[in-house]
Structures are given as C-alpha cells and as structure tokens.
Amino acid sequence: MAAFAGAPVDVAAMAMAPMGYSHAAPVGGSEWIGKQMEQVGAISPERRPAAELIANLASPAALPKAAASGLSLIAAISPEGKARLLADLMAGKGSGTYRLGDVTPGQQKALQRLGTPPTESRDVMMTDAAAAHMLDRRVNQDGFSPEEVVRFAEQAMQPRSSAWVDPAAKAHKPALSNSGLRDPVTGRSYTAHMPMAPNGESLDVVTVIPRGLPARKTKAPE
C-alpha cells in the first residue's frame with residue numbers, strides 16, 4: 001500500500017539523484033508513508049507489505065480505529081467473536097452479550113429495505129438467547145458440531161452475503177444469506193442463513209440455519 005502511494009515521490013527522488021539529491025525517506029515517499037503507518041500501528045517495523053496488507057484485510061479489528069475506517073466495507077465475523085461463540089457452544093451455554101462482528105454498509109441498507117429498523121451501528125451482537133437457540137436446534141436436535149455451527153455463522157456474515165426475507169412467512173425476520181455453499185460431509189449445496197433483530201443500537205443474531213442441509217443423524221466424521 002505504501003509502495004503504491006509513494007511511487008511518484010520515489011521516482012522523482014531517483015531522477016534527482018544524479019543532481020546530488022539524497023534522502024532516505026522523502027516526504028510522501030513509500031518509506032515515509034510506511035513510517036507514518038508504523039507510528040499508528042497499522043504495520044510493523046519490519047517491511048513486509050504484502051503479508052501485512054493481507055493480515056489487515058483479513059482482520060480489520062486489528063487495525064487502529066482511524067486506519068480501520070478505510071476498510072469498513074470489509075465486514076465479517078471478528079476473530080474474537082468467532083472464538084467466543086465456539087467456546088460458548090462447546091461449553092453448552094452462552095457467556096453474555098458480545099460483539100460477533102459487523103455487516104457492510106450495503107448489507108445494512110439492504111436489511112433496512114426489507115423492514116429492519118435503522119440502528120446506530122453496524123455491529124452484530126451475540127446474545128444468550130441466540131446461543132441457546134443454536135445449541136438447542138443446531139447442536140442438540142440437528143446434530144451439527146459446534147465447529148460446524150460456527151462455520152455456518154461465519155459464512156452467513158461474509159461480505160458477499162445478501163439480505164433476504166421469506167415473503168411467505170411474515171413472522172420471519174430479515175436475514176443475511178450466503179448461498180451456493182458446499183457441505184464437506186454430504187457434498188450437498190446449502191445456504192448459510194442468519195436472521196437478525198435490531199435492538200436500536202445494533203443488530204442481534206436470532207440464530208443460524210444451514211438451509212438445504214438435513215440434520216446429521218450420526219456424528220460427522222473427523
């Protein structure tokens with residue numbers, strides 16, 4: 001990122017070198033930009049731009065708030081939320097209300113067009129009620145493993161997911177749906193579906209549903 005943005009200054013500095021100009025980090029150049037990003041914690045002191053860019057895109061929460069705002073379109077389940085959800089499902093009970101991740105601005109607007117009232121933020125919150133529903137329906141009744149249920153949640157919250165509501169079921173809430181997924185156990189195609197309910201400040205998860213997948217009758221193979 002720094003190399004791309006600072007390229008014009010770097011080229012100009014190189015062109016002036018025969019005339020005696022020499023500066024290790026000219027203002028506006030890639031090294032200068034890298035230093036500014038280093039100071040706010042966006043990258044490490046080691047110059048590994050490719051690895052750092054991939055890491056920051058994969059986890060916008062790891063960036064400082066100012067830097068992360070530029071990546072706000074890349075919304076998804078957060079690493080912390082994913083780990084806590086898995087721990088809750090493995091423990092057999094919820095651990096309170098916490099941020100699971102967020103939706104993109106486009107997803108937020110699409111949910112509102114389907115009838116979801118506006119919220120103050122794009123945060124997606126996990127609650128004890130949602131955890132209990134996932135445990136009761138997905139784990140205990142359907143026989144999915146906690147790891148599978150977390151995978152369904154992660155897939156439903158991907159940026160590619162679209163807003164959807166069943167027009168034939170008025171009681172159903174608008175949801176994020178990610179279709180065209182392939183189950184590694186059965187090979188069947190399914191849709192990761194996550195209904196959401198607004199609480200004024202954010203969106204609460206209702207549950208997660210792997211539409212198109214039958215319940216596991218036996219424990220999924222390792």
Side-chain angles (χ1 to χ4, degrees), residues 57-61 71-79 81-82 84-86 88-89 94 97-119 121-127 129-139 141-216 220:
L57 289 177
S59 181
L71 300 176
S72 61
L73 295 180
I74 307 175
I77 193 171
S78 73
K82 179 180 176 180
R84 188 166 173 178
L85 176 57
L86 178 59
D88 287 354
L89 296 179
T97 300
Y98 56 91
R99 180 179 176 276
L100 186 63
D102 58 4
V103 296
T104 68
Q107 289 170 338
Q108 182 184 44
K109 292 178 181 178
L111 289 168
Q112 291 174 6
R113 285 196 293 269
L114 293 177
T116 300
T119 55
S121 74
R122 294 186 286 109
D123 290 341
V124 175
M125 309 300 292
M126 175 57 62
T127 64
H133 193 282
M134 292 181 186
L135 282 164
D136 180 51
R137 298 295 182 87
R138 302 289 87 82
V139 177
Q141 292 188 26
D142 294 345
F144 293 109
S145 70
E147 292 83 0
E148 288 176 315
V149 177
V150 171
R151 186 178 77 242
F152 300 149
E154 182 176 23
Q155 291 169 334
M157 291 181 65
Q158 289 182 359
R160 60 164 281 182
S161 298
S162 58
W164 184 86
V165 66
D166 186 352
K170 295 183 179 180
H172 286 191
K173 298 184 181 298
L176 288 182
S177 288
N178 189 355
S179 60
L181 303 170
R182 187 70 57 181
D183 179 30
V185 177
T186 64
R188 296 184 60 163
S189 177
Y190 69 97
T191 297
H193 188 77
M194 180 181 283
M196 296 183 179
N199 63 26
E201 295 182 358
S202 55
L203 294 163
D204 287 345
V205 174
V206 176
T207 188
V208 64
I209 308 166
R211 292 187 178 276
L213 284 188
R216 305 275 197 234

Can you see which heavy atom on [X] is nearest to which on [Y], and at what distance?
X    : Y    : result
L85  : V150 : CG-CG2, 4.0 Å
G101 : M157 : CA-CE, 3.8 Å
A156 : S161 : O-OG, 2.8 Å
S202 : M125 : OG-CG, 3.1 Å
Q158 : Q107 : O-NE2, 3.0 Å
N178 : Q155 : ND2-O, 2.9 Å

I'd like to know if the side chain of T191 reaches the main chain of R211, judged simply by a donor and an acceptor atom lying under 3.5 Å from each other, with no hydrogens or angles considered. no
In a check of side-chain hydrogen bond (donor to acceptor under 3.5 Å, both in side chains) between N199 and each of T119, D204, T97, which one passes?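 When side-chain hydrogen bond (donor to acceptor under 3.5 Å, both in side chains) is applied between N199 and each of T119, D204, T97, only D204 qualifies.
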For a 4.5 angstrom cut-off between non-hydrogen side-chain atoms, does V185 reach L213?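 V185 does not reach L213 side chain to side chain.
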Check whether any side-chain heavy atom of D88 lies under 4.5 Å from a side-chain heavy atom of M134, and answer yes or no. no
Yes or no on side chain to side chain contact (heavy atoms under 4.5 Å, CB included) for L176 and M196, after CA distance, side-chain angles and deciding distance? CA-CA 8 Å; L176 288 182; M196 296 183 179; 3.5 Å; yes
If you look only at pairs with a residue in residues 178-194, which of them pass as a salt bridge (Lys or Arg N to Asp or Glu O under 4.0 Å), with sequence neighbours excluded? R151-D183, D183-R216
Quick check on E201: does its CD atom have over 12 non-hydrogen neighbours (other residues, nucleotides or ligands) under 6.0 Å away? no
Hey, what do you get for CG (L100) to CE (M194), rounding to the nearest 0.5 Å? 6.0 Å
Run R138 and I209 through side chain to side chain contact (heavy atoms under 4.5 Å, CB included) and show every step you take. CA-CA 8 Å; R138 302 289 87 82; I209 308 166; 3.7 Å; yes
I'd like to check the ring pair (Phe, Tyr, Trp, His ring centres under 6.0 Å) partners of F144; sequence neighbours left out, ordered by chain and number. F152
Would L89 and L135 count as a side chain to side chain contact (heavy atoms under 4.5 Å, CB included) here? Give the steps. CA-CA 6 Å; L89 296 179; L135 282 164; 3.8 Å; yes
